[in-house]
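To start, the structure under review is shown below, and the notes come after it.
In this chain, residues are counted from 1 in sequence order. Computed from heavy atoms alone, side chains included, the values below leave out hydrogens, waters and symmetry copies.
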Amino acid sequence: MDSLTPYAERVLDLVERIPPGRVMSYGDVAEYLGEGGPRQVGRVMSTWGGGVPWWRVVHADGTGAPGHEARCLAHWREESTPLRGERADMRRARWDGRSADSQEAH
């Protein structure tokens, strides 16, 4: 297994701070950090993301991690994440990286 890079540490630290019931897209994470892109965030999550709330990082359309959709949905329901069908409702569930209680949509 590859050793954790400084970039991976920053990604995982941010993912740990996403509040229950909220999500960020892979691109949101990269944009918040000001480096990398959705693919780089996805690589970090697939390699090292098992120890953080990985289900809170989604595709831009609100779908969960490939191959883990059912587990994502179970976590989302447990955390009362706003949903649209079996996807996270990005308009209502997206977290902007600020405070845990900034729930209002933009």
Do [X] and [Y] touch side chain to side chain, with heavy atoms closer than 4.5 Å?
X	Y	answer
Leu83	Arg77	yes
Val23	Ile18	no
Val15	Trp54	no
Val44	Tyr26	no
Glu69	Cys72	no

message: Using side-chain contact (heavy atoms from CB on, under 4.5 Å), reason through Arg17 and Trp95 one step at a time and then give a plain yes or no.
response: CA-CA 10 Å; Arg17 295 193 338 251; Trp95 187 57; 4.2 Å; yes
- request: Apply side-chain contact (heavy atoms from CB on, under 4.5 Å) to the pair Val11 and Val52, showing each step before the final yes or no.
  value: CA-CA 10 Å; Val11 169; Val52 297; over 6 Å; no
Approximate separation, where rounding is to 0.5 Å, of [X] [atom1] and [Y] [atom2]:
X	Y	atom1	atom2	answer
Glu78	Leu73	CD	CG	11.5 Å
Met90	Asp61	CE	CG	8.5 Å
Leu12	Thr47	CG	OG1	9.5 Å
Arg94	Arg22	CZ	CZ	10.5 Å
Gln40	Met45	CD	CE	14.5 Å
Trp76	Asp89	CH2	CG	11.0 Å

Heavy atoms only: give me the nearest [X]-[Y] pair and the separation to one decimal.
X	Y	answer
Glu16	Gly51	OE2-O, 4.4 Å
Gly27	Pro38	CA-CG, 3.8 Å
Ala93	Thr81	CB-CG2, 3.9 Å

message: Is it the case that atom CD in Glu86 sees more than 12 heavy atoms from other parts of the structure closer than 6.0 Å?
response: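 No, because the 6.0 Å sphere around CD of Glu86 holds 12 heavy atoms or fewer from other groups.
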[X] side chain vs [Y] backbone, donor-acceptor pair below 3.5 Å:
X	Y	answer
Asp28	Ser25	yes
Ser46	Arg43	yes
Glu31	Val29	no
Arg92	Pro82	no

- prompt: Looking only at side chains, do Glu79 and Trp55 share a donor and an acceptor under 3.5 Å apart?
  reply: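 Judged by distance alone, the side chains do pair up.
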